There are 2 protein chains.
Amino acid sequence: MDKTDIKQAGLKVTLPRVKILEILEASGKGEGPRHLRAEDVYRRLLERGEEIGLATVYRVLTQFVEAGLVCRHNFEGGQSVFELDRGVHHDHLVCMKCGRVVEFMDEAIEARQEAIATQHGFTLEDHTLVIHGLCPRCQKPA
Amino acid sequence: MDKTDIKQAGLKVTLPRVKILEILEASGKGEGPRHLRAEDVYRRLLERGEEIGLATVYRVLTQFVEAGLVCRHNFEGGQSVFELDRGVHHDHLVCMKCGRVVEFMDEAIEARQEAIATQHGFTLEDHTLVIHGLCPRCQKPA
DNA sequence: AATAAAATGTGAAGCTTTTGCATCTTTTGG
DNA sequence: CCAAAAGATGCAAAAGCTTCACATTTTATT
């Protein structure tokens with residue numbers, strides 16, 4: 001994931017785009033959560049001393065999603081989260097209390113979805129599966 | 001679903017609440033789509049000549065959800081849709097083009113989710129599964 | 001290096017949803 | 001059935017996230 005990918009997406013290689021890609025790459029690699037809201041990306045850019053506008057962050061993230069470099073998820077209430085697209089599909093387990101996110105992938109579920117779509121005459125283009133619960137830590141008495 | 005349910009939820013039986021419940025009951029029974037946005041409910045109230053504020057619609061829908069009378073879903077970008085809770089869990093197939101919604105329920109998927117949550121130490125409280133695709137009508141060449 | 005095309009920053013605007021507060025309605029108990 | 005208390009409503013304003021408009025700056029091209 002680097003400048004080459006940006007270019008191949010038909011986008012010019014600009015500083016904001018490169019920096020945003022860096023932020024996304026750093027996420028989930030020990031540096032905090034993998035899934036970031038636009039606001040989080042913006043804040044991290046500021047922390048790194050980059051003067052990039054929030055509107056640009058939104059624009060670039062949207063372009064990256066369209067280019068297939070990034071995935072967007074709408075976990076809940078209005079806010080979208082973004083993560084680098086690693087090319088492997090997966091779904092999410094989200095803790096209702098602390099917001100922790102765990103990824104998983106289940107062949108059986110994937111297969112059943114395909115079957116259900118077909119059964120109703122639909123073509124399956126995409127899907128969203130989010131399991132909400134309490135993570136091990138949050139289940140413990142406060 | 002009537003005034004009794006409102007009362008049992010610890011809410012006063014007011015005209016707005018009764019009317020909103022009526023709108024939800026009428027939906028999905030031949031009268032348009034089953035899933036309504038707050039705005040849709042509001043519009044239908046106006047059509048029926050009821051002078052109920054949009055803020056009240058939001059407040060009442062939220063209270064109904066908390067009382068378990070209504071389910072809220074966040075199909076996509078920001079907007080929530082509401083439907084009367086019939087007590088039977090189900091997931092959704094949503095057409096990406098026309099927005100048509102088909103409900104389904106699959107034991108195999110439900111079981112797998114429980115297994116996955118447990119496997120990661122999570123307690124399963126709830127889940128959201130939305131399959132996006134093209135419905136039979138929208139697959140046909142325009 | 002000059003030019004054309006595209007991207008950015010800023011601030012304002014858009015949308016959905018929530019909130020504050022004065023007023024009105026329902027409920028309760030006499 | 002009426003009065004008081006508790007709760008609900010409407011309106012308008014505010015909030016939160018995201019997008020837009022447009023002048024300015026940067027990238028890619030020749």
Side-chain angles (χ1 to χ4, degrees), chain A residues 2-23 35-46 48-67 69-83 99, chain B residues 2-23 35-46 48-67 69-83 99:
Chain A
D2 63 341
K3 303 184 181 182
T4 310
D5 299 286
I6 296 177
K7 201 167 288 173
Q8 290 188 335
L11 301 170
K12 287 187 177 176
V13 179
T14 61
L15 190 143
R17 300 215 249 245
V18 172
K19 290 303 174 189
I20 290 174
L21 211 47
E22 282 179 19
I23 298 289
H35 303 80
L36 303 179
R37 295 164 305 154
E39 190 73 34
D40 297 324
V41 173
Y42 177 61
R43 191 160 31 70
R44 295 197 181 191
L45 286 168
L46 293 186
R48 294 187 178 198
E50 300 297 341
E51 304 245 317
I52 295 173
L54 180 55
T56 298
V57 173
Y58 274 104
R59 268 185 304 235
V60 170
L61 286 174
T62 301
Q63 293 162 339
F64 282 177
V65 170
E66 285 165 357
L69 300 179
V70 166
C71 295
R72 173 200 298 248
H73 307 288
N74 296 94
F75 286 162
E76 45 207 302
Q79 248 157 139
S80 294
V81 295
F82 303 82
E83 66 169 325
Chain B
D2 63 341
K3 303 184 180 182
T4 309
D5 299 287
I6 296 176
K7 200 165 290 174
Q8 289 189 335
L11 301 170
K12 287 187 177 175
V13 178
T14 60
L15 191 142
R17 300 215 250 245
V18 172
K19 291 302 174 189
I20 289 173
L21 211 46
E22 282 179 21
I23 298 289
H35 303 79
L36 304 179
R37 295 164 306 153
E39 189 73 34
D40 298 324
V41 173
Y42 177 60
R43 191 161 30 69
R44 295 196 182 192
L45 286 167
L46 293 186
R48 294 188 178 196
E50 300 296 342
E51 305 245 317
I52 295 173
L54 180 55
T56 298
V57 173
Y58 275 103
R59 267 186 301 235
V60 171
L61 285 173
T62 301
Q63 293 161 339
F64 283 178
V65 170
E66 285 165 358
L69 301 178
V70 167
C71 296
R72 173 201 298 250
H73 306 289
N74 295 94
F75 286 163
E76 46 207 298
Q79 249 157 140
S80 294
V81 294
F82 302 83
E83 67 171 322

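Residue numbers start from 1 in every chain, and the chains themselves are labelled A, B, ... in the order their sequence lines are given, proteins ahead of strands. Treat the numbers as computed from the prediction; the structure is a model and nothing was measured.
Atom OH in A:Y42 sits roughly 14 Å away from atom C1' in D:dC17 (whole-Å rounding). Atom CD1 in B:I20 sits about 12 Å away from atom C1' in D:dA8, given to the nearest Å. To the nearest angstrom, C1' of C:dG9 lies 14 Å from CD of A:E50. In this structure, B:K3 atom NZ and C:dT25 atom C1' are separated by 14 Å, rounded to whole Å. Rounded to whole angstrom, the span from the CD atom of B:E66 across to the P atom of D:dA8 amounts to 12 Å. In this structure, A:Q63 atom CD and D:dT27 atom P are separated by 15 Å, rounded to whole Å. Between the C1' atom of D:dT27 and the CZ atom of A:R17 lies a distance of 10 Å, rounded to the nearest Å.
Nearest heavy-atom pair, B:Y42 versus B:I52, reported as atom, atom and distance to 0.1 Å: CE1-O, 2.9 Å. Heavy-atom minimum distance, A:N74 versus A:S80: ND2-OG, 2.9 Å. The heavy-atom pair separating A:R17 from A:K12 by the smallest distance is NE-O, 3.0 Å.
Looking at heavy atoms from C-beta onward, B:L45 lies in side-chain contact with B:K19 at the 4.5 angstrom threshold. In this structure, the side chains of A:R72 and A:T62 come closer than 4.5 Å at one or more pairs of heavy atoms. With a 4.5 Å cut-off on side-chain heavy atoms, B:D40 and B:I23 do not count as touching. Inter-residue side-chain proximity for B:V41 and B:F82 is flagged as unmet; no heavy-atom pair is nearer than 4.5 Å.
To the nearest 0.5 angstrom, B:I6 atom CD1 is 5.0 Å from B:L21 atom CG. In this structure, CD in A:E22 is found 8.5 Å from CG in A:L15, a value given to the nearest 0.5 Å. Note that OH of B:Y58 and CZ of B:R37 are 8.5 Å apart. Values are rounded to the nearest 0.5 Å.
Of the N and O atoms on the side chains of A:R59 and A:T56, at least one donor lies less than 3.5 Å from an acceptor on the other residue.
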Listing time: all N or O pairs from protein to nucleotides 28-30 of chain D that are below 3.5 Å?
from	atom 1	to	atom 2	distance (Å)
D:dA28	OP1	A:V13	N	3.1

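Annotation: the terminal axes of the helix from C:dA1-D:dT30 to C:dG30-D:dC1 meet at 30°, where each axis is the rotation carrying the C1' atoms of four end pairs onto the next four (5 pairs per end, rounded to 10°).
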Spell out protein contact along nucleotides 10-23 of chain C as letters: B when the base is contacted, S when just the sugar-phosphate is, - when no protein heavy atom is under 4.0 Å; keep the 5' to 3' order. BB----SBBBB---

